[in-house]
Number of protein chains: 2
Amino acid sequence: MKIAVTGKGGVGKTTLSSILSYLFASYGKNVISVDADPDANLASALGISREESNKIRPIAELGELIEERTGAKPGSMGGIFKLNPKVDDLPEGLGYKLNGITLLVMGKSKAALSGCYCPENVLLRRLLKHLVVERDEVVIVDMEAGIEHLTRGTAGSVDAFIVVVEPGQRSIQTASLVREMAGELGVKKVFVVANKVRTEEDLNFIRNVIGDMELIGHITFSDAIVEADIKGISPYSYSPQTVDEVRNIKVAIEKVLDAG
Amino acid sequence: MKIAVTGKGGVGKTTLSSILSYLFASYGKNVISVDADPDANLASALGISREESNKIRPIAELGELIEERTGAKPGSMGGIFKLNPKVDDLPEGLGYKLNGITLLVMGKSKAALSGCYCPENVLLRRLLKHLVVERDEVVIVDMEAGIEHLTRGTAGSVDAFIVVVEPGQRSIQTASLVREMAGELGVKKVFVVANKVRTEEDLNFIRNVIGDMELIGHITFSDAIVEADIKGISPYSYSPQTVDEVRNIKVAIEKVLDAG
């Protein structure tokens, strides 16, 4: 099972990714959780302490590794570098392990400040391709909306894109863009999860505006999720109601994918 | 006055940027509002209808313009292109005008899918530099956290970075990273605005965790802001309480900057 979780910033991608990761692991699966959103903090949502997570170096910042594998210095423009660097040892070598979950943090190079960061991206995209095409584990990718990291060849191997939305026009517009791009890239299934739902009215609003996108489940607004973030505790161990709702979403996804 | 509004996705950067834009315009200033976050939708927050905003083509997608000005096709890697393209006519030529505000949407090229998008970025960075260094208008930039678009030469000309945070560890961590990078880039002032504050406890939490960053004001959690997004109405015309709070923030910023 390979799932990419996407949507507008702040809608709850990371919360959903972290709970899904724990749920799959609780059923005995080996899970690789990928933090592919430089603005997210999947480590924190998995309940890894700030002290511990500060030790995790994002892959995009591993200059020596990038140069060793691609043959080019991070931040270099143009030039020649290997387009197919070796990456299959990276999950074991670089992953942070906890409770059946291996966390990989992609990161974003500071070299991005120079406007071009090709060797880093080549390595990250090759790694993502390896993860979704060549691995047996359950892979959950917490992904920036815009899906730059998923190239044409890779997206078709993802079983499902989950687009998280919240009550509001703006996250729905992002969802439409994601769906459009996902279609172009050959993604098989795009599901919508409605998050931060306060009332039946909120849910109906989302049902109406997502058009023919498939709503696979919803998560109610929860102060416990806010509290978990304040306390630096994983939502999985702090908000049982949310976990139940995500479990229903997991079951629904598996049902659709098995049927297809 | 040149202000960049930044912070983790979903914290309310766009809401704050839109209200600040209207406030400056209401005092008779000419305002250029820049949507520099591909995940944001400043047009919607300014109350521009979806039909109208669909007509606004993000600058990064104007392939012919990019090629004409930089001498290179969007999405091309390496190669030679002008590093100092002409941009001073773009605000008038491409801006969407409403009520004393000129909206510029930077966008993000689909060519980013190929992993490298230098000509687009060169044009966007040159345009941002023009806006913050060479223009007389009030410029409000709604910016993606990570500040890739602001190069060393430009950031020093921004009067203030406003980092929006909400109660929770994760937006605070983003704020710390922004502050660190802002320091390296030579940004003069970094202010924190606390958003979605529900209780005095929330505000105290934020006061405690931001360390020596300067809290310039706060905005209380408001269902009206959620409703405005659902209805596609600008927060400025829908949530008077929020507008009052942002007015206080505007006054506080001006006071600090005048004193400095």
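A note on names: the letters A, B, ... follow the listed sequences, proteins ahead of strands, and every chain is numbered from 1.
Within residues 48-57 of chain A, the residues that have a heavy atom under 4.5 Å from a heavy atom of chain B are A:Arg50, listed by number.
Between A:Glu166 and A:Lys13, none of the side-chain N atoms (NZ, or NE/NH1/NH2) sits under 4.0 Å from a carboxylate O, so this pair counts as no salt bridge. Salt bridge annotation for B:Arg198-A:Glu227: present, with a cationic side-chain nitrogen under 4.0 angstrom from a carboxylate oxygen. Checked for salt-bridge contact, B:Lys196 and B:Asp202 miss the test: no charged N lies under 4.0 Å from a carboxylate O.
Looking at A:Asp37, there are no atoms closer than 4.5 Å to chain B (heavy atoms on both sides), in backbone or side chain.
Minimum interatomic distance between B:Leu42 and B:Ser33 (heavy atoms only, all atoms of both residues): CD2-CB, 3.9 Å. The shortest heavy-atom contact between A:Thr199 and A:Val197 is O-CG1, 3.4 Å.
Of all the listed residues (A:Ser44, A:Gly10, A:Gly9, A:Gly7), the one sharing the greatest number of non-hydrogen pairs under 4.5 Å with chain B is A:Gly9.
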Start with the C-alpha distance between B:Val11 and B:Asn195, add both sets of side-chain angles, then the distance that settles side chain to side chain contact (heavy atoms under 4.5 Å, CB included), and finish with yes or no.
CA-CA 7 Å; B:Val11 290; B:Asn195 191 19; 5.6 Å; no

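Side-chain atoms of A:Ser234 and A:Ser237 form a donor-acceptor pair, as typed in the model, at a separation below 3.5 Å.
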